[in-house]
Amino acid sequence: MPESTNFIEEIINEDLRQGKNDGRVHTRFPPEPNGYLHIGHAKAICIDFGIAEKYNGLCNLRFDDTNPVKEDVEYVESIKEDIHWLGYDWEDRLFYASDYFERLYEYAVELIKAGKAYVCDLSPDEIREYRGTLTEPGKNSPYRDRSVEENLELFERMKNGEFKEGEKVLRAKIDMASPNINMRDPVIYRILHTSHHRTGNKWCIYPMYDFQHPLSDAIEGITHSLCSLEYEDHRPLYNWFVENVSVPSKPRQIEFARLNLNYTVMSKRKLITLVKEGLVRGWDDPRMPTLCGLRRRGYTPGSIKAFIEKIGVAKTYSVVDIALLEHCIREELNKTANRVMAVLNPVKVIIDNYPEGQVEWFDAENNPENPDAGTRKIPFSREIYIERDDFMEDPPKKFFRLAPGREVRLKHAYYITCNSVVKNSAGEIVELHCTYDPASKGGWTEDGRRVQGTLHWVSAPHAVNAEIRLYDNLFTVENPDSDDYLKYINPDSLKVLTDCKVEQSLADVPLETKFQFLRMGYFSVDYDSIPGKPVFNRIVTLKDTWAKIQNK
RNA sequence: UGGGAUGUAGCCAAGUCGGUAAGGCACCAGACUUUGACUCUGGCAUUUCGUAGGUUCGAGUCCUGCCAUCCCAGCCA
């Protein structure tokens, strides 16, 4: 498997070839603790930690916690857990931008002393007006030429809490006429009389991202600062700070396209709305693209990493098909998940010629893809459940499951033939009467008879009741990522089945255990399970040729 | 009408010094099958690389123009 190098690796290779950074490669993953991680972050995590791994370098975890009004410890804990769950470790390199507040303050003072930053008294509205527009240059703030001494004094007083929020800011003195709006004297410190989740009330001025990020990178000795495309315009500013402040190293920013997935939304604002409005059951709702949601759904770290690996890294805006993610989890679970039988929509079958009270125990292989998984015993008796969809009174041509007069195989057990159908007064099928062929024990005969259909089943007296939750896309349209996205929420994204019959081996299984329910899909044990009353989440269906035929 | 970026199949995405369009997903057809699963085989950009020209024996790759899409005017990150 020739792995091709992506454009980031090519840049790093070139840097290495030129002997930059003494051959070191050091990256960082810099989340803001203001929300839960989603699969888009997983791409960034895999790239940041993955690159470090590949080049024998290091990757730091650094929280970009410079906006206390939005941030919370709840989020830092969940973020740490999700990264570990994915299988990455920052070892002893857990940092916070807030660790550097003192140092960043000193850097700001340094800029002031160099005449490269000034305290500005303009109001937020005025700053916007002075900034100009996309097509017109801005104009200088009347406070732009304050003396170094005055700026020093005012900045210190800002720090000391002598001013109200919005009254003053510290700005970098760059170029109000720059075609790049980010260079038009960006604000680098603002006053926020808000307590910070880590520094408490120690500070009432907080650095802005554009100032903090490059300098934090430099402080940590980051060599390659990987981020998403929207920061491309910020790179000149990133470099400006690195070049105009006496930092210990010179990191380099490289931008790549963030991940988008169809049939879902990825923005924090939209995700938080889904949670707060109760449109899903929480951040870890199995329909959410959050890592904790995917985890609860049953996705594995391996499948997510494989997915990220397959989509590649580039600069093109793209929307990846959710089918690729599903392919990745099927691919993994096909090899690792044990097969069991579960009937989601049961209909009872009575085998008239099978002795009442008799029970036979058949051997069932746990995973045909993995002989080491061994076998288990499953009970067979006169009354069983099969899937309602596996019977049709008046079957179409290509239907080769059970129907009146038809013979099918019960997986691992016997061939049965349907003789009669019992209905209730509403015309619904209540039970099916069949006969079995004793010669087909184990599900096979020597006479060369061809039985095309094979059904899964569960012995009625041995069955365990289970709740099974079936999920579909959260949105009904491929790209719901517009302002009226709530219009496209899929009303059928969750179907709860409460009368499912599963084989007795599933009565009490550890949370998050994955199974393949034969012919039905891959399922994961939900956190709501209690012993004797398991709850399963459908991760993904099996590929279903029959469903395709039906849809034609 | 400013700046930054991107345009290769339905969706991602490789395409080194220009040498005659990787791979995956999806889809289609078939084989196999005690899961209509898995696996396997074959098909799927030869008026084609956003588009129009140009250079060249030869252009997805170089040059010029044009078009389309995305991002930027938070004291968010």
Side-chain angles (χ1 to χ4, degrees), chain A residues 1-2 4-6 10 30-32 34 64-67 69-71 120 122-124 127-129 131-138 165-171 178-184 186-192 206 208-210 212-213 227-236 255 257 259 262 268 309-328 330-331 334-335 339 341 364-365 368-369 398-401 409-413 415 440 442-444 451-456 478 516-521 541-549:
Chain A
M1 282 204 194
S4 61
T5 56
N6 61 49
E10 274 166 22
E32 184 189 15
N34 69 344
D64 261 358
D65 55 348
T66 52
N67 185 3
V69 311
K70 286 188 176 177
E71 297 154 7
C120 183
L122 255 25
S123 72
I127 287 186
R128 193 182 322 117
E129 284 166 27
R131 186 153 37 222
T133 68
L134 294 178
T135 53
E136 303 157 29
E165 287 185 16
E167 204 175 330
K168 285 181 167 41
V169 291
L170 183 70
R171 295 226 255 166
S178 172
N180 182 342
I181 290 182
N182 295 298
M183 301 300 272
R184 317 237 262 233
V187 171
I188 61 180
Y189 262 95
R190 79 287 213 186
I191 298 168
L192 251 27
Y206 293 93
M208 297 287 288
Y209 168 87
D210 282 319
Q212 168 273 126
H213 202 91
C227 63
S228 48
L229 249 29
E230 69 260 37
Y231 292 104
E232 222 156 13
D233 288 337
H234 297 242
R235 195 182 338 130
E255 313 84 14
L259 167 65
N262 59 12
K268 280 184 184 175
E309 183 68 32
K310 284 181 198 291
I311 60 174
V313 181
K315 298 191 69 158
T316 321
Y317 172 87
S318 62
V319 182
V320 177
D321 194 337
I322 188 89
L324 182 58
L325 215 210
E326 295 179 340
H327 167 262
C328 290
R330 285 194 188 104
E331 190 175 49
N334 176 49
K335 288 180 239 156
R339 273 63 169 168
M341 295 201 283
E365 57 185 349
E369 306 290 324
K398 289 181 174 173
F399 184 86
F400 47 81
R401 277 115 92 142
R409 168 171 37 239
L410 294 176
K411 178 86 176 172
H412 304 307
Y415 294 174
S440 63
W444 189 250
V451 177
Q452 194 153 215
T454 300
L455 309 187
H456 62 279
E478 264 200 67
Q516 185 197 100
F517 288 178
L518 229 53
R519 305 204 304 137
M520 301 308 289
T541 61
L542 254 32
K543 290 223 269 181
D544 192 346
T545 306
W546 170 237
K548 274 182 196 163
I549 294 170

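Just so we're on the same page: letters track the sequence lines, and every chain starts at 1.
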(request) Using atom CD of A:Gln452 as one end and atom P of B:A37 as the other, report the distance to the nearest whole Å. (result) 11 Å
(request) Figure out the CG/C1' separation between A:Leu229 and B:G3, and round it to whole Å. (result) 15 Å
(message) Rounded to whole Å, how long is the line connecting atom CZ of A:Arg330 with atom P of B:U35?
(response) 18 Å
(request) Name the nucleic acid region contacted by A:Met520, choosing base, sugar-phosphate or nothing; use a 4.0 angstrom heavy-atom cut-off, strictly under. (result) nothing
(request) Using a 4.0 Å heavy-atom cut-off across all strands, classify A:Asp233 as base, sugar-phosphate, or nothing. (result) base
(message) From C-beta outward on A:Leu542, which listed nucleotide comes closest to its side chain: B:A37, B:A13, B:G36?
(response) B:A37
(message) Work out how far the P atom of B:C76 is from that of B:A68, and round it to whole angstrom.
(response) 35 Å
(request) Provide the distance between the two C1' atoms, one in B:U16 and one in B:G53, to the nearest whole Å. (result) 28 Å
(request) Can you tell me the distance, in whole Å, between the CD atom of A:Glu331 and the C1' atom of B:G23? (result) 13 Å
(request) Check every atom of B:A37, B:A13, B:A5 against the side chain of A:Lys315 and return the nucleotide holding the closest atom. (result) B:A5
(request) Would you kindly check whether a donor in the side chain of A:Tyr231 faces an acceptor in the base of B:A77, or vice versa, at under 3.5 angstrom? (result) yes
(request) Nearest whole angstrom, please: distance from the P of B:A77 to the OH of A:Tyr206. (result) 12 Å
(message) Just verifying a value: how many Å separate A:Gln452 CD and A:Arg401 CZ, rounded to the nearest 0.5 Å?
(response) 11.5 Å
(request) May I ask you to say what A:His213 touches in the nucleic acid, namely base, sugar-phosphate or nothing, with a heavy-atom cut-off under 4.0 Å? (result) nothing
(request) Give one of base, sugar-phosphate or nothing for A:Leu122, where a contact means two heavy atoms less than 4.0 Å apart. (result) base
(message) Need the glycosidic conformation of B:G74: syn if within 90° of 0, anti if not. Which one?
(response) syn
(request) May I ask you to verify if any side-chain N or O of A:Lys268 is less than 4.0 angstrom from the OP1 or OP2 atom of B:C76? (result) no
(request) For B:G3 versus B:G65, give the span between their P atoms, rounded off to a whole number of Å. (result) 14 Å
(request) Look at all strands and tell whether A:Arg184 reaches a base, only sugar-phosphate, or nothing, counting heavy atoms closer than 4.0 Å. (result) nothing
(request) Would you confirm whether A:Arg190, through its side chain, and A:Glu165, through its main-chain N or O, come within 3.5 Å as a donor-acceptor pair? (result) no
(message) For the P atoms, the ones on B:U46 and on B:C71, what distance do you get once it is rounded to whole angstrom?
(response) 32 Å
(request) First locate atom CD of A:Glu32, then atom OH of A:Tyr209, and finally report the distance between them rounded to the nearest 0.5 Å. (result) 11.0 Å
(message) From CZ of A:Arg131 over to C1' of B:G2, roughly how many Å is that when rounded to an integer?
(response) 15 Å
(request) Could you tell me whether A:Val69 contacts a base, only the sugar-phosphate backbone, or nothing, with contacts defined as non-hydrogen atoms closer than 4.0 Å? (result) nothing
(message) What's the gap between B:A26 and B:A37 when it is taken at their P atoms, as a whole Å value?
(response) 13 Å
(request) Rounded to the nearest 0.5 Å, what's the gap from CD on A:Glu255 to NE2 on A:His234? Could you check? (result) 10.0 Å
(message) On the side chain of A:Asn180, is there an atom forming a donor-acceptor pair with the base of B:G4 - under 3.5 Å, no angle test?
(response) no
(message) Between B:A59 and B:G54, how far apart are the two P atoms, rounded to whole Å?
(response) 12 Å
(message) Using a heavy-atom cut-off of 4.0 Å across all strands, would you classify A:Glu167 as base, sugar-phosphate, or nothing?
(response) nothing
(message) Of the options B:C12, B:A77, B:C72, whose atoms approach the side-chain atoms of A:Leu134 most closely?
(response) B:C72
(request) Report which part of the nucleic acid A:Val169 touches: base, sugar-phosphate, or nothing (heavy-atom distance under 4.0 Å, all strands). (result) base
(message) At less than 4.0 Å, is any side-chain N or O atom of A:Thr545 found next to OP1 or OP2 of B:A37? Yes or no.
(response) yes
(request) With rounding to the nearest 0.5 Å, note down the distance linking CG in A:Leu325 to NZ in A:Lys310. (result) 11.5 Å
(request) Determine the contact category for A:Phe399: base if any of its heavy atoms lies under 4.0 Å from a base atom, sugar-phosphate if only primed atoms, P, OP1 or OP2 are that close, otherwise nothing. (result) base
(request) Considering only atom C1', compute the distance from B:A21 to B:C32 and round it to an integer number of Å. (result) 33 Å
(message) Could you identify the nucleotide paired to B:C70, looking across every strand shown and requiring Watson-Crick or G-U wobble geometry with both distances under 3.5 Å?
(response) B:G4
(request) For the side chain of A:Lys70, starting at C-beta, report the closest nucleotide among B:G24, B:U35, B:C76. (result) B:C76
(request) Provide the Watson-Crick or G-U wobble partner of B:C11, both distances under 3.5 Å; none if there is no partner. (result) B:G24
(request) Look at all strands and tell whether A:Pro368 reaches a base, only sugar-phosphate, or nothing, counting heavy atoms closer than 4.0 Å. (result) base
(request) Give one of base, sugar-phosphate or nothing for A:Arg409, where a contact means two heavy atoms less than 4.0 Å apart. (result) base
(request) Kindly say whether A:Thr541 contributes a backbone atom to a donor-acceptor pair with the side chain of A:Arg330 at under 3.5 angstrom? (result) yes
(message) Heavy atoms from C-beta onward define the side chain here; which of B:C76, B:C28, B:C11 lies closest to that of A:Asp321?
(response) B:C11
(message) Can you tell me which nucleotide in B:C12, B:A13, B:C76 comes closest to the side chain of A:Val320?
(response) B:C12
(message) Using the side-chain heavy atoms of A:Thr133, tell me which of these nucleotides is nearest: B:C72, B:A73, B:G24.
(response) B:A73
(request) Give a yes/no answer on whether the side chain of A:His327 brings an N or O atom under 4.0 Å of OP1 or OP2 in B:C25. (result) yes
(request) Please work out if A:Ile127 contacts a base, only the sugar-phosphate, or nothing of the nucleic acid, heavy-atom cut-off 4.0 Å. (result) base
(message) Is there aromatic stacking of A:Trp546 on B:G36 here, judged by a ring-centre distance under 5.5 Å and a plane angle under 30°?
(response) yes
(message) For the P atoms, the ones on B:G42 and on B:C57, what distance do you get once it is rounded to whole angstrom?
(response) 40 Å
(request) Just compare B:C76, B:G2, B:G36 and give me whichever is closest to any side-chain atom of A:Pro179. (result) B:G2
(request) Starting at atom CD of A:Glu309, determine the distance to atom P of B:C12, rounded to an integer number of angstrom. (result) 18 Å
(request) Could you list the residues that satisfy side chain to side chain donor-acceptor pair (under 3.5 Å) with A:Ser440, not counting sequence neighbours? (result) none
(message) Side chain of A:Glu32, heavy atoms from C-beta onward: which of B:A77, B:A5, B:U35 has the nearest atom to it?
(response) B:A77
(request) Answer with base, sugar-phosphate or nothing: what part of the nucleic acid does A:Arg171 contact at a heavy-atom distance below 4.0 Å? (result) nothing
(request) Please state how far atom CZ in A:Arg519 lies from atom P in B:U35, giving the value in whole angstrom units. (result) 10 Å
(request) Give a yes/no answer on whether the side chain of A:Thr66 brings an N or O atom under 4.0 Å of OP1 or OP2 in B:A77. (result) yes
What pairs of donor and acceptor atoms, side-chain ones from residues 312-324 of chain A against any protein atom, are under 3.5 angstrom apart with sequence neighbours left out?
from	atom 1	to	atom 2	distance (Å)
A:Lys315	NZ	A:Glu232	OE2	2.4
A:Asp321	OD1	A:Ala323	N	3.0

(request) Give a yes or no answer on whether the side chain of A:Glu331 reaches the backbone of A:His327 with a donor-acceptor pair at less than 3.5 Å. (result) no
(message) Whether the side chain of A:Glu369 and the base of B:U39 hold a donor-acceptor pair under 3.5 Å is what I'd like checked.
(response) no
(request) Look at the side chain of A:Lys543 and decide which nucleotide, out of B:G4, B:C38, B:G36, has an atom nearest to it. (result) B:C38
(message) To the nearest 0.5 Å, what is the distance between CG on A:Asp64 and CD on A:Gln212?
(response) 4.5 Å
(message) At less than 3.5 Å, do the side-chain atoms of A:Arg128 and the base atoms of B:G74 form a donor-acceptor pair?
(response) no
